[in-house]
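Contents: one structure, followed by commentary.
In each ligand, atom 1 is the first atom listed, and ligand 1 is the first ligand listed. Keep in mind that what you see is a predicted model, and the values were worked out from it rather than measured. Residues: numbered from 1 along the sequence shown. Values below: every heavy atom of this structure, side chains too, minus hydrogens, waters and symmetry copies.
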Amino acid sequence: MCRIVNFNINGCNYKLPIVGGTYYEKAINISKLRENTGFITFDPGFKNTGIVKSSISFIDGEKGILLYRGYPIEQIIKKCSFIETSYLLLNGELPNTAQLKSFSERIKEFNSINKDIHQILDKSPVFYHPMEMLSSLTCILTAFITKKDGLKEKDMYIHLLAKLPILAALTYRKKIGLPPSTSDKNLYYTSNILKMFFSVPKKYYKNDPIITDALDKLLILHADHEQNCSTTTVRLLGSAHTGLFASVSAGISALWGRLHGGANQAVIEMLENILKCGGNIRKWVERAKNKKDPFRLMGFGHRIYKNFDPRAKIVKEVAENIISELEIDDPILELAKELEEIAIQDPYFMEKKLYPNIDFYSGIIYQAIGIPKEMFTVMFALGRLPGWMAHWKEVRLNREPIGRPRQIYIGYKKRNID
Ligand code: CMC
């Protein structure tokens, strides 16, 4: 591969270096472009802009490949737990037995929160969306933990892994009028999440291994996805030297958007609506193709995947498995499969390479587990947490410069107030 590109602007020749990665991704390094030529580049939505060299995850969108620290997602799903995956993303290598034990125990050590956080929830109106509450409470952890205890950086990651599920369970339980639950040190991470969500006073909660396994797999599938909107948000905050808790809180808010993590809630709402309106799938597919109609098929399309999203394939299998194991009769799953079948054979979706993404089937699993729609994106956030933290850590370790794009100003020229 050539190492330099030559180009010409208004008769002047310039040379720009080429940057390559482990695979075939190649980029023109324009970091000195403005200094040397006076030009900047224009790339709305960063569709062609690499903002970082990262070693955390790799996606080949054309081939449908996803690697975490080099390991294919299909192998991780079969051989690793969510906690091992979190260790891998944060530390670069899978843990050995002793490392895994100590990592898990340290998470358990930190799994309680300050009682005053309960009071913040008690004083909030119950019609909050769980994502806004999760984001706010994550940010305020800074005051309750970092400032109070003078926390070491390596402990911040463990604290957040321990505390985000507690905050998620609290926001859920408060909304449905259940008292706060406590974390159980005897349980594996994901079993503990389920117990914190669903235990009710004076009733023993028994984890179902089928449900724990399905949720653990979902958390793994969501754990990292290179420069998506929320991760880039977390990185940008990290580049400004904003603290970890506040950066993750911003990531949670970014994830909430319907075009990003909020799509999982939007998919189920769309499928329910289609069913309510008579189940005429073709009519909705036609609507999604009509540029004058704002309706889009939620759970379809991806910025990077122009082939099947490898995570969506696994999620579909997990959804089918849990529905059959729990003997649930779910018309939404049948509708989703029919919709997928029709859409992927439609010339519009084929031509634009629009396939189901991870959010298309994940909501069906959450519903089967008993998690309400408003909590779907919260579950996504619990899964994405190790990825966000790994990226924040990478920014700080690499001493990356503050993220600060430029713009093309199209407003008024200088004018005076009369
Ligand atoms: N239904 C109908 N048309 C679509 C869809 C869709 N779901 N997605 C993309 N298109 C069309 C779009 O109208 C555009 O057409 P044209 O070229 O004629 O203008 C073309 O496909 C390219 O789409 P785009 O919006 O320019 O692509 P993007 O990379 O900017 O957006 C996306 C990617 C995921 C936001 C988009 O596909 C979308 O809105 N999908 C639905 C929401 C969704 O499922 N989001 C979850 C994404 S995966 C998980 C995550 O990141 O959190």
Practice prompt. Under the side-chain contact (heavy atoms from CB on, under 4.5 Å) rule, what do Asn398 and Lys53 come out as? Steps first, then yes or no, please.
Written response: CA-CA 10 Å; Asn398 292 350; Lys53 286 185 186 173; over 6 Å; no
Short version for Asp309: what comes under 4.0 Å of ligand 1, heavy atoms counted, is neither
Any heavy atom of Phe360 under 4.0 Å from ligand 1? The part involved is neither
Does the distance from a Lys or Arg side-chain N to an Asp or Glu carboxylate O, for Asp213 and Lys217, drop under 4.0 Å?
yes
Numbered in order shown, the ligand 1 atoms found under 4.0 Å of a heavy atom of Gly299 are 43 (C), 44 (O)
With heavy atoms and a 4.0 Å threshold, my read on which part of Lys352 contacts ligand 1 is side chain
Among non-hydrogen protein atoms, atom 19 (O) of ligand 1 lies closest to Lys291 NZ, 3.9 Å
In short, Thr233 meets Ala254 closest at the heavy-atom pair OG1-CB, 3.6 Å
SB check Lys276 Glu272 (cutoff 4.0 Å)
no
| query | Would a 4.5 Å heavy-atom cut-off, applied to side chains only, mark Arg396 and His241 as touching? | reply | yes
Review point. Taking distance alone, with no angle check, do Phe349 and ligand 1 share an N/O pair under 3.5 Å?
Key: no
Just checking, any donor-acceptor pair under 3.5 angstrom between side chains of Ser81 and Asp216? no
If you scan protein heavy atoms around atom 50 (C) of ligand 1, the nearest is His260 ND1, 3.3 Å
Q: Could you say whether the N/O atoms of Leu259 and ligand 1 ever approach to under 3.5 Å?
A: yes
- Item | Face-on cation placement of Lys352 at Tyr348 ring, 6.0 Å and 45° thresholds | yes
I'd like to know if atom 22 (C) of ligand 1 has any protein heavy atom within a distance of less than 4.0 Å. no
When distances are taken from atom 42 (C) of ligand 1, the protein heavy atom at minimum range is Met298 CE, 3.6 Å
side-chain contact (heavy atoms from CB on, under 4.5 Å) test vs Met196 passes for just one of Ser191, Pro165, Pro180, namely Pro165
Checklist line | Nearest protein heavy atom under 4.0 Å from atom 30 (O) of ligand 1, yes or no | finding: yes
Open item on the list: Between Phe376 and Gln367, is there a side-chain heavy-atom distance shorter than 4.5 Å?
Closed with: yes
Nearest non-hydrogen protein atom to atom 34 (C) of ligand 1, with distance, is Gly301 O, 3.7 Å
Here the atoms of ligand 1 under 4.0 Å from any heavy atom belonging to Arg303 are 28 (P), 29 (O), 30 (O), 33 (C)
Going by the 4.0 angstrom heavy-atom rule, the piece of Lys47 near ligand 1 is side chain
In this structure, atom 5 (C) of ligand 1 is nearest to the protein heavy atom Leu354 CD1, 3.8 Å
(message) Is the distance between the ring centroids of Tyr305 and His225 under 6.0 Å?
(response) yes
For Phe380, the ligand 1 atoms with a heavy-atom partner under 4.0 Å come out as 52 (O)
for atom 49 (C) of ligand 1, nearest protein heavy atom and its distance come out as Asp359 OD2, 3.1 Å
Quick look: His225 vs ligand 1, heavy-atom contacts under 4.0 Å, and the answer is neither
May I ask you to say whether Arg235 pairs ionically with Glu394, meaning some side-chain N is under 4.0 Å from a carboxylate O?
-> yes
side-chain contact (heavy atoms from CB on, under 4.5 Å) with Ile140: of Ile145, Ile120, Asn114, only one passes, and it is Ile120
Please determine if Leu255 has a nitrogen or oxygen closer than 3.5 Å to a nitrogen or oxygen of ligand 1.
no
**Asked** Given the protein's heavy atoms, is any one of them under 4.0 Å from atom 9 (C) of ligand 1?
**Response** yes
Quick note on ligand 1: atoms under 4.0 Å from a heavy atom of Ala263 include exactly 43 (C), 44 (O), 45 (N), 46 (C)
> Is any NZ, NE, NH1 or NH2 atom of the basic residue among Lys283 and Glu286 found under 4.0 Å from an Asp or Glu carboxylate oxygen of the other?
Replying inline: no
Establish, yes or no, whether the cationic atom of Lys175 lies under 6.0 Å from the six-membered ring centre of Tyr128 and within 45° of the ring axis. yes
Q. Can a donor-acceptor pair be found between the side chains of Asn207 and Tyr188 at a distance below 3.5 Å?
A. no
In this structure, atom 32 (C) of ligand 1 is nearest to the protein heavy atom Arg296 NH1, 4.5 Å
Any heavy atom of Asn357 under 4.0 Å from ligand 1? The part involved is side chain
Among non-hydrogen protein atoms, atom 11 (C) of ligand 1 lies closest to Tyr348 OH, 3.5 Å
If we number the atoms of ligand 1 from 1 as shown, the ones under 4.0 Å from a heavy atom of Gly261 are 52 (O)
